[in-house]
Amino acid sequence: MGGWAIAVHGGAGVDPNLPLQRQEEAKQLLTHCLNLGISALRSNASAIDVVELVVRELETDPLFNSGRGGVLTEKGTVELEASIMDGPNRRCGAVSGLTTVKNPISLARLVMEKSPHSYLAFDGAEEFARKQGVELVDNEYFITPENVGMLKLAKEANTIVFDYRIPIAGHETCGADTESPLQMNGLPISVYAPETVGCVVVDGEGRCAAATSTGGLINKKSGRIGDSPLIGAGTYASNICGVSCTGEGEAIIRSTLAREVAAVMEYKGLGLHEAVNFVIKHRLDEGQAGLIAVSNTGEVACGFNCNGMFRALATEDGFEEVNIW
């Protein structure tokens, strides 16, 4: 075994003109979450425990698009989704359409461990949450003034509207402007928020795990489900690697992006870095996305085909990186 490794992301697709204060806030949160995970790994916590711990922390902070701070649907509500996967036995749990569960990633884990199913959504997921006794909140808890303002702009303009959180250039930034609208499944979307969060870990025993959580798209249709809760698309872990994706959800779904990393490692014999580069280059079609990954030998990698991804990576041998661009 090559020791533990961890990576955290806060979304792919970054405005090139992102204010320095916003950059610093993002780096501070990523550093905090990375250190939280490192401390747990040094205390011999399992990979699955660490990914849940880190993503819970990201869901609690409103800076990114998950949990508190999740973006608003067309109805002005927050609908959250998340998934988690434990690599050794490829166990998984996923949830969608949550409106009252404070930490969706923990409910996803309960689906994995306390139900006979892999995926629960909407009323069924909420009912399961109540039976499991998880912490519930009013939907207003998740809503921030910032996201209310962005939804208002989107509805008033009925077109693509951006503030400092969202890319304002063309497709190369994982976003679009009114002259070059981003498309999903061939159709234009009004507003795109890339700041999904995720964590991947390999622990000292070589066990891999992955977790991903998001609020989805600004002004999305109620009931829309993206890639984040879909095992093999936004999240995947096996005995070889763990992967969490972010970016254009529909493109990630079409390419089963997370599973593709494991597949080319298994079937093409590629190493982790080669696999990540191959998948980003050859499996996204015209989509824009990024991912973080770890291998069972203690490697860590990230890749994206846009100008930036909020990310933090570390390994037991002393490598550490916190970056955006």
Side-chain angles (χ1 to χ4, degrees), residues 9-12 48 51-52 54-56 58-59 64-67 69-71 73 77-87 90-129 132 134 142 184-185 192-200 209-218 220-238 242-262 287 289-292:
H9 75 71
I48 193 68
V51 295
E52 181 189 9
V54 170
V55 172
R56 277 181 64 95
L58 289 163
E59 290 174 339
F64 294 127
N65 175 22
S66 68
V71 298
T73 70
T77 59
V78 175
E79 291 183 1
L80 303 169
E81 50 194 21
S83 64
I84 193 167
M85 191 162 185
D86 194 12
R90 289 190 292 185
R91 299 185 307 154
C92 58
V95 289
S96 286
L98 301 182
T99 58
T100 67
V101 176
K102 185 176 182 181
N103 290 107
I105 198 63
S106 291
L107 187 63
R109 183 169 181 181
L110 287 170
V111 170
M112 177 178 74
E113 295 182 339
K114 302 295 183 179
S115 85
H117 308 302
S118 296
Y119 197 162
L120 294 176
F122 298 96
D123 291 345
E126 297 276 348
E127 180 180 359
F128 179 72
Q132 292 298 316
V134 303
F142 302 109
M184 289 193 176
N185 285 341
Y192 171 55
E195 294 174 335
T196 292
V197 305
C199 180
V200 293
T212 312
S213 181
T214 191
L217 302 173
I218 300 171
K220 69 182 180 181
K221 292 185 181 299
S222 182
R224 182 262 183 182
I225 294 173
D227 68 286
S228 296
L230 299 184
I231 299 302
T235 305
Y236 190 76
S238 66
V243 185
S244 175
C245 300
T246 176
E248 184 186 337
E250 273 65 14
I252 294 170
I253 292 169
R254 291 194 304 270
S255 61
T256 57
L257 197 66
R259 168 60 185 157
E260 283 289 288
V261 175
L291 62 85
I292 53 174

Could you pull out the closest heavy-atom pair between Ala251 and Gly287, with the gap in Å? CB-CA, 3.6 Å

Taking the side chain from Glu81 and the backbone from Ile225, do they hold a donor-acceptor pair closer than 3.5 Å? no

Taking all non-hydrogen atoms of both residues into account, name the closest pair between Thr212 and Gly234 and its distance. OG1-O, 3.4 Å

Supply the atom-to-atom distance Leu257 CG to Leu230 CG, rounded to the nearest 0.5 angstrom. 12.5 Å

Under 3.5 Å, is there a donor-acceptor pair between the side chain of His9 and the main chain of Val200? no

Mind checking salt bridge (Lys or Arg N to Asp or Glu O under 4.0 Å) for Arg56 and listing every partner two or more places apart, or none if nothing turns up? none

Restricting to side-chain contact (heavy atoms from CB on, under 4.5 Å), what partner residues turn up for Lys221, sequence neighbours left out? Glu74

Using 0.5 Å steps for rounding, measure from the OG1 atom of Thr214 to the CZ atom of Phe64. 12.0 Å

Nearest atoms (heavy-atom pairs only) where Cys245 meets Ala233: SG-O, 3.5 Å

For Thr246 and Ala12, indicate whether the former's side chain and the latter's backbone hold a donor-acceptor pair under 3.5 Å. yes

Applying salt bridge (Lys or Arg N to Asp or Glu O under 4.0 Å), name anything that partners Glu260, two or more places apart in sequence or on another chain. Arg283

Taken in chain and number order and not counting sequence neighbours, the residues that satisfy side-chain contact (heavy atoms from CB on, under 4.5 Å) with Ala211 are Val51, Val55, Ile84, Ile105

Nearest 0.5 angstrom please: Met112 CE to Met85 CE, how far? 9.5 Å

Working to the nearest 0.5 Å, report the span between CG of Asp123 and OG1 of Thr99. 8.0 Å

Nearest-0.5 Å distance, CD of residue Glu248 to OG of residue Ser255: 9.5 Å

For residues Tyr119 and Ser83, is any side-chain donor paired with an opposing acceptor at under 3.5 Å? no

Minimum heavy-atom distance Ser66-Val197, with the two atoms named: OG-CG2, 3.4 Å

Taking atom CG of Leu107 and atom CG of Leu80, what is their separation to the nearest 0.5 Å? 11.0 Å

Please collect all salt bridge (charged side-chain N to carboxylate O under 4.0 Å, His left out) contacts where either partner lies in residues 226-237, sequence neighbours excluded, each pair once. none

What are the two closest heavy atoms between Ala209 and Ala237, and how far apart are they? CA-CB, 3.9 Å

Closest heavy-atom pair, Tyr236 versus Ile231, reported as atoms and distance to 0.1 Å, is CD1-CG2, 4.3 Å

If the condition is salt bridge (Lys or Arg N to Asp or Glu O under 4.0 Å), which residues does Glu52 pass it with, not counting sequence neighbours? Arg109

Val261 versus Leu291: any side-chain heavy-atom pair under 4.5 Å? yes

Would you check if the side chain of Lys220 reaches a backbone N or O of Glu79 as a donor-acceptor pair within less than 3.5 Å? yes

Checking Ser213 against Glu59: is there a side-chain donor and acceptor pair closer than 3.5 Å? yes

Looking only at the side chains, is there a donor atom on one of Thr73 and Ser222 sitting less than 3.5 Å from an acceptor on the other? no

Note, Gln132 side chain near Glu113 side chain (heavy atom, < 4.5 Å): no

